[in-house]
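The chains referred to below are lettered A, B, ... by the order of the sequence lines, with proteins before strands, and numbering in each begins at 1. Model, not experiment: these values are computed from the prediction.
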Protein chains: 2
Amino acid sequence: MENRFGRAQMNLKELASKLGLSPTTVSRALNGYPEVNEATRERVVAAAKRHNYRPNARAIRLATGRALAVGHVIPLNTRSEIMNPIFADFIAGAGDVYSRNGYDMILSIVADEAEEAAYRDLMSRGTVDGVIVHAPKTNDPRIRVLKDIGLPFVVHGRASGAELDYNWVDVNNRRAFQRATEFLLDLGHRRIALVNGLEHMDFAVRRRIGYSDAMDTKAVAVDPALLSSSEMTEINGHRAAEHALSLPEPATAFLCASMLQGMGVRRAIEGRGLRMGRDVSVIIFDDDLSYLRNGEDVPIFTATRSSVREAGRLSAEMLLSVIAQPDSPPQHRLLEAELILGQSTGPALAP
Amino acid sequence: MENRFGRAQMNLKELASKLGLSPTTVSRALNGYPEVNEATRERVVAAAKRHNYRPNARAIRLATGRALAVGHVIPLNTRSEIMNPIFADFIAGAGDVYSRNGYDMILSIVADEAEEAAYRDLMSRGTVDGVIVHAPKTNDPRIRVLKDIGLPFVVHGRASGAELDYNWVDVNNRRAFQRATEFLLDLGHRRIALVNGLEHMDFAVRRRIGYSDAMDTKAVAVDPALLSSSEMTEINGHRAAEHALSLPEPATAFLCASMLQGMGVRRAIEGRGLRMGRDVSVIIFDDDLSYLRNGEDVPIFTATRSSVREAGRLSAEMLLSVIAQPDSPPQHRLLEAELILGQSTGPALAP
DNA sequence: TCATCCACCTGAAACGTTTACGGAGGCTTC
DNA sequence: GAAGCCTCCGTAAACGTTTCAGGTGGATGA
């Protein structure tokens with residue numbers, strides 16, 4: 001094959017003939033097999049470099065029967081909830097691992113009703129060796145599908161209610177929100193509003209449970225008027241806070257599922273002439289996104305923090321290990337979020 | 001090949017023998033070649049469906065010499081400026097086009113000093129048929145590299161100073177900022193602060209030019225104290241506004257390169273007890289991101305808007321057409337941003 | 001001295017498609 | 001009735017690797 005400039009792409013056979021060796025030996029030399037003389041190996045490696053030889057990926061894939069690629073299937077229609085800010089950072093973490101291991105990362109944007117077909121396709125056409133499942137819902141059907149077709153996968157998050165065991169990497173959302181709630185309770189807050197994500201998402205459910213567990217333990221009644229659940233946008237955060245602050249017994253503290261919601265809450269607080277951290281406390285869940293930093297040297301928001309980029313890295317590593325040993329028992333990795341102190345929390349004011 | 005359940009993957013040869021036909025005919029029938037009887041074609045298609053046959057992508061790629069994939073190379077180290085919120089939406093738009101055309105989208109996360117090597121690799125190993133270049137800098141060296149190695153590409157944005165012609169899709173950033181500035185000038189504003197992105201990025205330069213062009217035309221002097229340039233984060237927006245509002249002659253209007261900066265500016269305004277849209281005007285550039293909406297029914301910020309998702313779609317289409325006809329002359333697509341009126345602008349107050 | 005073994009290398013098949021080339025049979029055309 | 005054409009299909013080579021099954025020559029051991 002030639003590129004448009006007529007320079008022929010060097011291939012195995014040609015390189016071998018230049019060296020006066022068989023393709024077999026050259027291949028083995030380059031791939032580090034033992035049955036080749038050290039001297040000839042060096043000769044081969046040098047020649048490969050000199051002639052700028054790169055093995056053709058398409059041929060390797062066909063010959064080995066491996067795709068050397070992993071897939072990330074992104075549902076499209078589900079408005080924003082997945083194609084969300086999280087995603088870019090997760091991908092960055094995972095992609096780093098892939099390229100370090102010679103794997104390609106394939107992104108499939110797919111209408112969400114076609115997601116199952118997409119998995120089957122990726123599998124049977126042999127485009128990928130495994131996939132990462134994003135944004136699991138409670139009782140997510142994709143897990144069964146993937147088990148059925150035998151495509152290795154790792155879930156970022158968990159799908160409670162799934163009867164099957166599977167590989168996952170997740171943050172301990174319940175515990176994070178429990179701790180954050182306890183912290184606010186310790187500061188004397190009782191009217192704590194939860195500004196949650198959409199509660200058909202698994203992580204949102206766990207967060208609410210963590211919140212109410214903490215409230216229950218301290219025997220503080222959960223007021224449904226203080227609970228909200230919506231897409232994690234600035235506007236929704238603002239709206240939720242407007243509501244919670246206008247109650248007869250207004251909220252004195254907020255627990256937000258995302259940075260963006262937290263920004264909306266802050267706007268509502270300041271819009272009322274109050275000051276965050278003094279009049280009203282706020283804790284957010286901070287995914288440590290590269291372009292949405294929680295302050296610089298000193299954090300603005302008190303937050304439970306867990307890097308989604310790191311989660312991407314871990315998920316990718318787990319997936320590669322599953323691909324290497326498909327019959328190993330399911331792996332789990334539960335990450336603990338750290339509670340970091342910012343300027344957005346303070347003791348509850350005497351009423 | 002068998003999957004882990006022992007079900008053999010159907011392949012061409014087997015399907016052909018089941019049908020009593022040659023692989024050639026079956027292949028032709030499935031790929032819509034004319035030299036096959038309509039009746040047998042139907043028979044083949046039916047059998048393919050019945051036996052759940054999917055052609056092996058690896059074999060197709062090797063046989064045809066095409067990768068059926070396009071690459072997006074994302075520089076990693078450049079702190080945040082690229083792995084930015086824009087990215088997810090752009091990818092969503094592009095990926096949609098790819099999957100509709102049977103192409104895979106490959107993401108390469110690569111340390112930015114290794115980017116050139118990454119392109120060479122993608123090319124010579126045959127993993128992709130073309131690439132999209134993201135976030136061009138002024139006089140971006142990548143363009144020369146890609147021309148050299150003969151890999152089809154489309155740039156999202158432009159790299160001024162490049163002496164070569166190349167394919168690009170870009171927003172008319174200069175014009176958008178010129179119009180926005182004119183609009184503020186028409187409202188009577190004279191102290192207009194520009195909260196720009198990092199000015200080694202091409203788009204940021206163009207935006208500044210648009211801004212100063214408008215100022216010059218109206219013979220309003222550009223005060224360097226009102227210009228700032230930094231990563232497009234909320235915090236930087238806040239900082240820039242704090243500064244511009246604390247000048248002896250404070251800014252009465254802001255022009256922000258991004259939504260996040262705009263949010264920071266708003267926070268600074270409201271933090272001073274002023275009201276956005278009445279006391280201080282703000283215009284942002286709105287990339288129409290799916291998770292960072294500018295209000296819902298009625299926009300919050302007055303903005304110059306251009307959907308980055310749409311840009312992704314157009315870039316992808318252009319790239320596929322370039323791949324199909326590599327020797328066609330370079331294509332350009334300049335998108336005009338629309339100026340939409342929100343609640344963040346109003347007439348300048350009498351001093 | 002001869003069988004055995006080891007280190008190193010080769011030939012050829014395989015992976016699952018596409019596609020250049022060819023060929024058989026029926027139909028037109030004169 | 002033969003030449004030519006068209007329709008439909010098959011054979012086999014290609015794509016560029018990996019890898020199985022050997023093979024050669026020299027060293028080793030009895």
K.L.:
Toward the 5' end of DNA chain D, which comes first, B/A59 or B/L21, by nearest nucleotide?
P.N.:
B/L21
K.L.:
Starting at atom CG of A/L15, determine the distance to atom C1' of C/dT10, rounded to an integer number of angstrom.
P.N.:
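About 16 Å, once rounded to whole Å.
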K.L.:
Between B/L19 (CG) and D/dG10 (P), how many Å, whole number?
P.N.:
10 Å
K.L.:
Which nucleotide sits closest to the side chain of B/N56: C/dT10, D/dT17, C/dG16?
P.N.:
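The closest nucleotide is C/dG16.
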K.L.:
Any idea which of D/dG10, C/dT18, D/dT17 is nearest the A/I60 side chain?
P.N.:
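Between D/dG10, C/dT18, D/dT17, the one nearest the side chain of A/I60 would be D/dT17.
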K.L.:
So, are B/D104 and B/R61 salt-bridged, with charged N and O less than 4.0 Å apart?
P.N.:
yes
K.L.:
Let's see if you can work this out: which of D/dG16, D/dT18, C/dT17 has an atom nearest to the side-chain heavy atoms of A/T64?
P.N.:
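Nearest listed nucleotide: D/dT18.
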K.L.:
Send over the distance from A/L68 CG to D/dT17 P, rounded to a whole Å.
P.N.:
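The distance from CG of A/L68 to P of D/dT17 comes to 14 Å, rounded to the nearest Å.
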K.L.:
Check the distance between C/dT18's P and B/R58's CZ and give it to me in whole angstrom.
P.N.:
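That distance rounds to 15 Å.
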K.L.:
For B/E116, is there an ion pair with B/R120 - N to carboxylate O distance below 4.0 angstrom?
P.N.:
yes
K.L.:
For the residue pair A/R158 and A/P136, what are the closest heavy atoms and their distance?
P.N.:
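So the two residues come closest at O-CG, 3.4 Å.
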K.L.:
Is the shortest side-chain N to carboxylate O distance from A/R309 to A/D89 below 4.0 Å?
P.N.:
yes
K.L.:
With rounding to the nearest 0.5 angstrom, report the CD1 to CG distance, A/I149 to A/L146.
P.N.:
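Reported to 0.5 Å precision, the distance equals 5.0 Å.
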K.L.:
Output the rounded distance in Å from CZ (A/R66) to P (C/dG16).
P.N.:
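It is 16 Å, rounded to the nearest whole Å.
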K.L.:
Passes side-chain contact (heavy atoms from CB on, under 4.5 Å), B/L151 versus B/V128? Steps please.
P.N.:
CA-CA 9 Å; B/L151 184 60; B/V128 302; 4.3 Å; yes
K.L.:
Name the nucleic acid region contacted by B/G126, choosing base, sugar-phosphate or nothing; use a 4.0 angstrom heavy-atom cut-off, strictly under.
P.N.:
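Nothing: the residue B/G126, judged by heavy atoms under 4.0 Å, touches no strand.
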K.L.:
Give the rounded distance in Å between these two atoms: NZ of B/K13 and C1' of D/dA12.
P.N.:
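After rounding, the reported distance stands at 13 Å.
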K.L.:
Looking at B/F90 versus B/H134, is the centre-to-centre ring distance below 6.0 Å?
P.N.:
yes
K.L.:
Report yes if a donor N or O on one partner sits less than 3.5 Å from an acceptor N or O on the other, where the partners are the side chain of A/R28 and the base of C/dT10; otherwise report no.
P.N.:
yes
K.L.:
Strictly below 4.0 Å: does B/T24 bring a side-chain N or O up to OP1 or OP2 of D/dC9?
P.N.:
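Result: no.
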K.L.:
Rounded to whole Å, how long is the line connecting atom CD of A/Q9 with atom P of D/dA14?
P.N.:
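Rounded to the whole Å, the gap is 20 Å.
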K.L.:
Check the phosphate of C/dT17 against B/Y53, side-chain N and O only, distance under 4.0 Å to OP1 or OP2. Yes or no?
P.N.:
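Yes, because at least one side-chain N or O of B/Y53 sits under 4.0 Å from OP1 or OP2 of C/dT17.
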K.L.:
Report the C-alpha distance between B/M105 and A/I109 in whole Å, list the side-chain angles of each, state the deciding distance to 0.1 Å, and finish with yes or no for side-chain contact (heavy atoms from CB on, under 4.5 Å).
P.N.:
CA-CA 9 Å; B/M105 171 164 61; A/I109 316 286; 4.1 Å; yes
K.L.:
A/L62 has a side chain; which of C/dG16, C/dT17, C/dT10 sits nearest to it?
P.N.:
C/dG16
K.L.:
For a quick test of reading the model: is some side-chain N or O of B/S27 closer than 4.0 Å to OP1 or OP2 of C/dT18?
P.N.:
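Yes, within the criterion.
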K.L.:
When you measure from every atom of DNA chain C, which of residues 30-38 of chain B have a heavy atom less than 4.0 Å away?
P.N.:
B/N31, B/Y33
K.L.:
Report yes if a side-chain nitrogen or oxygen of B/T25 is closer than 4.0 Å to either non-bridging phosphate oxygen (OP1 or OP2) of D/dC8; otherwise report no.
P.N.:
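So the side-chain polar atoms of B/T25 never come under 4.0 Å of the phosphate oxygens OP1 or OP2 of D/dC8.
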